[in-house]
Amino acid sequence: KNEVEQSPQNLTAQEGEFITINCSYSVGISALHWLQQHPGGGIVSLFMLSSGKKKHGRLIATINIQEKHSSLHITASHPRDSAVYICALHPNTGNQFYFGTGTSLTVIP
Amino acid sequence: ETGVTQTPRHLVMGMTNKKSLKCEQHLGHNAMYWYKQSAKKPLELMFVYNFKEQTENNSVPSRFSPECPNSSHLFLHLHTLQPEDSALYLCASSHRGGTGTDTQYFGPGTRLTVL
């Protein structure tokens, strides 16, 4: 059983499209993170959320604590957004991190 | 560049070899992490060090031995590995560990192949 479920697993979009990636989880959390991993392996932290909504450029992340659900939105998608997006969460207790399997996004010009 | 460097970037080793992975952070952080990323699997947290003290060991086999001589350096010593240990090993750091509410900065990873 995975504490973090992401959907979809793979996503292909045309340049300019609005994209949504979903993350559902089953444990109480202190924080949820969205990460971006480009081919080659490097990971960049995009957002850390404990409530509400955050925006950075064309990226928006939301979280609903009651429903245990978070979404990552990309507006006006661009081929350079092609990457794997990973949801990670830190539970209320312990020193653990749980990771989703990632959503592989390809944006076609 | 995230301020976290890892060497080597690629490593091929036999099952009887002993090798070490190195991670260095230039961000003044106090917590450092080792992660394993196998193909088609989620990232797995292996070890956490906070102020040079190990605070998490996720049932990692003893053939993986971490070392944190100071807050800027983290090593992963490898010996008698198995082919299933082939994976991308990622290092990360954060200002403090144990809260999950700090942004982690990741290194580029070491791609390990065990023959």
Heavy atom to heavy atom, less than 4.5 Å: which residues from residues 42-73 of chain A reach chain B?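 Residues A:Gly42, A:Ile43, A:Ser45, A:Met48 are the ones that qualify, each having a heavy atom under 4.5 Å from chain B.
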Is [Y] reachable from [X] through a run of I, L, V, M, F, W or Y residues, each pair having side-chain heavy atoms under 4.5 Å apart?
X: A:Val27; Y: A:Leu32; value: yes
X: B:Leu45; Y: B:Leu78; value: no
X: B:Met15; Y: B:Tyr89; value: yes
X: A:Leu89; Y: A:Ile21; value: yes
X: B:Leu90; Y: B:Phe75; value: no

Measure [X] against the heavy atoms of chain A and call it side chain, backbone, both or neither at under 4.5 Å.
X: B:Leu43; answer: both
X: B:Gln37; answer: side chain
X: B:Tyr35; answer: side chain

Set out, in order, the CA-CA distance, both residues' side-chain angles and the distance that settles side chain to side chain contact (heavy atoms under 4.5 Å, CB included) for A:Gln37 and B:Leu88, then state yes or no. CA-CA 12 Å; A:Gln37 186 172 29; B:Leu88 180 68; 3.9 Å; yes
Taking side chain as everything from C-beta outward and backbone as N, CA, C, O, which of these in A:Leu35 sits under 4.5 Å from a heavy atom of chain B? Side chain, backbone, both or neither.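 Side chain only.
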Got more than 12 heavy atoms from elsewhere within 6.0 Å of CD, B:Glu84? yes
Taking all heavy atoms of B:Pro42 and all of A:Gly100, pick out the closest pair and write down the distance.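 Looking at all heavy atoms of both residues, the closest pair is CB-O, 3.7 Å.
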From CA spacing to verdict: side chain to side chain contact (heavy atoms under 4.5 Å, CB included), A:Phe97, B:Val48: CA-CA 10 Å; A:Phe97 277 97; B:Val48 181; 6.0 Å; no
